[in-house]
Amino acid sequence: MSEQSRGTGRIRGTGSRRRKPTRRHRAKVIAAWTVAGVVVVGGAGLGYAYMALDGNLSSIDIDAKLGTDRPDDVDDGSQDILVLGSDSRSGDNGKYGQDEGAARSDTAMVVHVDKGHKSASVVSIPRDTLIERPACESDTTGDRVPAEHRAMFNTAYEVGGPACAVKTVESMSGIRMDHYLEVDFTGFKKLIDELGGVEITTKTAIDDSKSHLDLQPGTHTLNGEESLGLVRTRKSVGDGSDLGRIQLQQAFIKALMDQTKSVGVFSSPKKLYGLADAATKAVTTDSGLGSVKKLTGFANGLKGLGADNVHMVTLPVEYDPADPNRVLPQEKAGRQVWAALRNDRPIPASATEKSAGDKGDADKVVE
């Protein structure tokens with residue numbers, strides 16, 4: 001199957017659209033950001049929850065599936081985590097629509113936590129980025145899936161599942177992923193509501209018929225449904241593309257992180273349990289995080305991180321001259337981004353200044 005037949009949605013804000021974005025896709029997007037924020041900021045509180053929460057977690061042994069043909073495991077205290085949002089329709093997710101073939105990963109973030117656990121860098125990978133996808137093993141049939149030239153990034157999950165997605169990111173970056181987190185978007189609204197909503201300040205009015213969000217300029221406390229609408233919003237950001245939407249999502253996750261620290265997560269057992277219950281039901285992890293005890297130990301090392309300590313960028317890309325609905329990695333700039341993470345250094349501003357993904361203008365919409 002070609003990348004054209006697999007892809008959905010558009011990159012640019014002009015021209016014809018191949019397929020209308022679905023509600024289930026947008027719901028999944030917010031779930032990825034929501035759970036990432038909860039785990040990175042509020043997850044340390046899981047240690048006080050009942051061990052019965054272990055039954056909520058699902059895990060995958062990524063190491064066993066990938067074997068030894070991977071980048072070196074650098075044991076310097078830093079952490080690299082691949083966070084994916086998939087569009088599977090299994091279980092309760094069926095209410096968001098029917099599967100259109102295999103599930104895909106339309107949201108992907110590489111989270112790098114520095115060796116001192118004092119700061120973090122997040123690199124969002126646009127789903128329509130055309131990449132060299134390595135050969136993988138299908139997680140459903142066990143068959144070998146051949147490598148593909150100019151494959152859309154999100155097809156790695158589609159053809160091979162989580163292990164293939166991890167292998168693809170490792171191939172692109174040269175960085176070994178220490179952990180894997182996949183989000184079930186059906187739990188995202190409960191997470192937001194358990195937190196008591198997320199406060200967002202809009203600089204301009206948002207009236208988006210596609211996301212059904214209508215906000216006047218000012219400060220708003222968004223519940224789960226409204227938060228979904230915010231991260232579905234595309235027309236009110238930049239050129240109306242998915243690249244602009246990524247920036248809006250990045251603004252939302254920072255607000256979420258601030259909110260998590262301010263709502264008494266660590267002082268209210270009832271709130272803590274509700275949040276922990278929702279979060280553990282919403283994620284699939286690698287086996288290294290596949291219990292409340294393991295997830296707690298991991299999150300305890302991250303609880304000092306706040307929004308001011310997290311630098312979020314989009315992988316440097318440019319529009320594909322052969323297809324305006326796709327983007328290509330900017331090779332030199334991309335190497336700068338990945339080298340910064342490998343060497344545990346901040347991502348230089350120069351790496352993204354000429355990227356199409358750096359022009360979403362979300363800062364003109366929300367604070």
Could you tell me whether the side chain of Glu170 and the main chain of Ala165 form a donor-acceptor pair under 3.5 Å?
no
Sequence-distant partners of Asp139, side-chain hydrogen bond (donor to acceptor under 3.5 Å, both in side chains), two or more places apart
none
Got a second to check how far Ser119's OG is from Asp308's CG, nearest 0.5 Å?
12.0 Å
As an exercise, state the distance from CZ of Phe153 to OG1 of Thr168, rounded to the nearest 0.5 Å.
6.5 Å
Evaluate the criterion side chain to side chain contact (heavy atoms under 4.5 Å, CB included) for residue pair Asp63 and Arg70; output intermediate values, then yes/no.
CA-CA 10 Å; Asp63 290 340; Arg70 304 177 65 186; 2.6 Å; yes
Any donor-acceptor pair under 3.5 Å linking the side-chain atoms of Asn56 with those of Asp277?
yes
Between Thr155 and Met152, is there a donor-acceptor pair closer than 3.5 Å when you use the side chain of the first and the backbone of the second?
yes
Does a salt bridge link Asp114 with Arg345, judged by any charged N lying under 4.0 Å from a carboxylate O?
no
If you apply the rule side chain to side chain donor-acceptor pair (under 3.5 Å), what do you find for His220 with Glu199, and how did you get there?
CA-CA 6 Å; His220 312 270; Glu199 186 175 287; over 6 Å; no
Considering only heavy atoms from C-beta outward, does the side chain of Asn325 approach that of Asp128 to under 4.5 Å?
no
Decide yes or no on side chain to side chain contact (heavy atoms under 4.5 Å, CB included) for Leu222 and Leu230, but give the supporting numbers first.
CA-CA 9 Å; Leu222 306 184; Leu230 180 69; 3.9 Å; yes
Contact between Val159 and Ser138 at the side-chain level, heavy atoms closer than 4.5 Å - yes or no?
no
Among side-chain atoms of Ser287 and Ser59, is any donor-acceptor pair under 3.5 angstrom?
no
Applying the side-chain contact (heavy atoms from CB on, under 4.5 Å) criterion to Val327, which one of Leu243, Leu130, Thr314 satisfies it?
Leu243
Pairwise side-chain contact, Pro71 with Ile175, heavy-atom cut-off 4.5 Å (strictly under):
no
Show the nearest heavy-atom pair for residues Ser227 and Ile192, with the distance to one decimal.
OG-CG2, 3.7 Å
From Asp178 atom CG to Ile62 atom CD1, the distance as rounded to the nearest 0.5 Å:
12.5 Å
Would you say the side-chain atoms of Asp193 pair up with the backbone N or O of Gly224, donor to acceptor, closer than 3.5 Å?
yes
With a cut-off of 6.0 Å (strictly less than), are more than 12 heavy atoms of other residues, nucleotides or ligands near CG of Asn343?
yes
Check Met257 against Ala307 and note the closest heavy-atom contact, atom names and distance.
CE-N, 4.2 Å
In this structure, NZ of Lys65 is separated from SG of Cys164 (nearest 0.5 Å) by 11.0 Å
Shortest non-hydrogen contact between Ser124 and Met109, atoms and distance
OG-CG, 4.0 Å
Taking Asn309 for its side chain and Leu305 for its backbone only, find out whether a donor-acceptor pair lies under 3.5 Å.
no
Would you please name every residue forming a ring-ring contact (aromatic ring centres under 6.0 Å, His included) with His179, sequence neighbours left out?
Phe298
In terms of side-chain geometry, is the basic nitrogen of Arg150 or Asp320 positioned less than 4.0 Å from the acidic oxygen of its partner?
yes
Does Asp72 reach the main-chain N or O of Val74 with its side chain, forming a donor-acceptor pair under 3.5 Å?
no
Can you confirm whether Ser355 sits close enough to Glu318 that some side-chain heavy atom of one is under 4.5 Å from a side-chain heavy atom of the other?
no
So, does His112 use its side chain to make a donor-acceptor pair with the main chain of Arg342 at under 3.5 Å?
no
Counting N and O atoms only, with roles assigned by atom type, does the side chain of Thr284 sit under 3.5 Å from a partner on the main chain of Glu182, one being a donor and the other an acceptor?
no
Working for side chain to side chain donor-acceptor pair (under 3.5 Å), residues Gln216 and Thr202
CA-CA 7 Å; Gln216 295 301 310; Thr202 56; over 6 Å; no
Is it true that a side-chain atom of Lys167 and a backbone atom of Ala135 form a donor plus acceptor pair closer than 3.5 Å?
yes
So, do Leu341 and Val123 sit near enough that their side-chain heavy atoms are less than 4.5 Å apart?
yes
Among Val111, Asp286, Ile81, Asp80, side-chain contact (heavy atoms from CB on, under 4.5 Å) partner for Met177:
Asp80
Side chain to side chain contact (heavy atoms under 4.5 Å, CB included) between Leu66 and Val166, worked out:
CA-CA 9 Å; Leu66 293 185; Val166 170; 3.7 Å; yes
Neighbour count above 12 (heavy atom, 6.0 Å) for Asp75 CG:
no
Has Thr280 got a side-chain atom pairing as donor or acceptor with Leu57's backbone, closer than 3.5 angstrom?
no
Distance col, row Ile131:CD1 vs Leu315:CG, nearest 0.5 angstrom, shows 10.5 Å
Nearest-0.5 Å distance that lies between atom CG in Leu84 and atom CZ in Arg127:
14.0 Å
What closest approach, in Å, do Ala351 and Pro316 show between heavy atoms, and which atom pair accounts for it?
O-CG, 3.3 Å
With a 4.5 Å limit on heavy-atom distance, are the side chains of Asp208 and Asp214 in contact?
no
For the side chain of Lys254 and the backbone of Val310, is there at least one donor-acceptor N/O pair under 3.5 Å apart?
yes
Within the structure provided, determine whether Val110 and Ile125 are in side-chain contact (heavy-atom separation under 4.5 Å).
yes
pair Pro162-Leu82: side-chain heavy atoms closer than 4.5 Å
no
Side-chain ion pair, Arg144 and Glu137, N-O less than 4.0 Å:
no
